[in-house]
Amino acid sequence: EAGVAQSPRYKIIEKRQSVAFWCNPISGHATLYWYQQILGQGPKLLIQFQNNGVVDDSQLPKDRFSAERLKGVDSTLKIQPAKLEDSAVYLCASSLAGTGAAYGYTFGSGTRLTVV
Amino acid sequence: AQSVTQPDIHITVSEGASLELRCNYSYGATPYLFWYVQSPGQGLQLLLKYFSGDTLVQGIKGFEAEFKRSQSSFNLRKPSVHWSDAAEYFCAVGVNAGNMLTFGGGTRLMVKP
């Protein structure tokens with residue numbers, strides 16, 4: 001089966017600019033996650049979707065970050081405006097509905113964002 | 001809330017030597033436990049997982065992990081390390097089947113020839 005697709009792989013922007021990341025999960029995976037991984041740290045959950053509804057966005061900095069999954073398949077994560085501390089790898093993962101913690105996720109390769 | 005601690009930030013072992021990476025979790029009941037590996041520039045790959053049953057679980061690439069309830073630990077082991085095992089390893093915990101995973105800070109493994 002095809003894996004989780006993410007684009008772009010790399011992005012460099014100046015602070016205060018906006019940026020968007022795209023994720024296409026594995027076919028049939030109803031649950032989609034966005035994680036932020038700062039260099040030298042473990043991944044931290046930003047938002048969890050079940051189909052096109054938000055399950056958990058408690059750690060999403062909503063003043064600058066937004067995410068959507070309009071048709072319950074692809075998802076977009078946006079940062080506007082970006083800050084230096086947003087430099088990180090943004091990982092998308094997916095799982096079958098209700099099984100994320102039972103079987104683990106499948107991760108994409110991530111988008112490495114550098115804010116200068 | 002659950003948490004995961006990986007006490008060792010960096011570990012260096014010689015090729016062919018045995019390996020043990022430590023993971024401690026904090027949660028009132030038995031959580032779902034995972035080990036992931038991340039090679040440079042790559043996403044995370046699942047090595048193995050545990051929820052119930054035999055406390056010694058086997059994973060891919062010759063790795064195994066042992067769940068010890070009394071110590072709230074889930075340490076990862078490999079009897080003989082290969083140079084290709086050099087990567088970052090993350091322990092993760094989930095508290096119910098549909099929930100998100102919480103990750104530890106990771107352990108970077110370096111392998112000496």
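Quick note on labels: first sequence line is chain A, next is B, and so on, each numbered from 1.
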Exercise. Which region of A:Tyr35, side chain (C-beta onward) or backbone (N, CA, C, O), has a non-hydrogen atom less than 4.5 Å from a non-hydrogen atom of chain B, or is it both or neither?
Worked result: side chain
Exercise. What part of A:Gln6 is in contact with chain B, defined as an atom under 4.5 angstrom from a non-hydrogen atom: side chain, backbone, both or neither?
Worked result: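 Neither part; nothing is under 4.5 Å.
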Exercise. Same cluster for B:Ile60 and B:Val57 if Ile/Leu/Val/Met/Phe/Trp/Tyr side chains link at under 4.5 Å?
Worked result: yes
Exercise. Should A:Leu45 and A:Phe21 be counted in the same cluster of Ile, Leu, Val, Met, Phe, Trp and Tyr side chains packed under 4.5 Å apart?
Worked result: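 No; A:Phe21 is not reachable from A:Leu45 via cluster members.
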With a 6.0 Å cut-off (strictly less than), is the heavy-atom count around [atom1] of [X], excluding the residue itself, greater than 12?
| X | atom1 | result |
| --- | --- | --- |
| A:Lys62 | NZ | yes |
| B:Trp83 | CH2 | no |
| A:Leu84 | CG | yes |
| A:Ile12 | CD1 | no |

Exercise. Any donor and acceptor pair, going by atom type alone, linking the side chain of B:Tyr36 with main-chain N or O of A:Tyr105 inside 3.5 Å?
Worked result: yes
[X], part contacting chain A, at a heavy-atom distance under 4.5 Å:
| X | result |
| --- | --- |
| B:Gln38 | side chain |
| B:Leu44 | both |
| B:Phe51 | neither |

For this session: Take B:Gln42 and A:Phe107 through the test side chain to side chain contact (heavy atoms under 4.5 Å, CB included) and record every step on the way to the result.
Result: CA-CA 9 Å; B:Gln42 301 299 313; A:Phe107 280 89; over 6 Å; no
For this session: For A:Gln37 and B:Phe90, work out which heavy atoms get closest and say how close.
Result: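 What the structure gives for the nearest pair is NE2-CZ, 3.1 Å.
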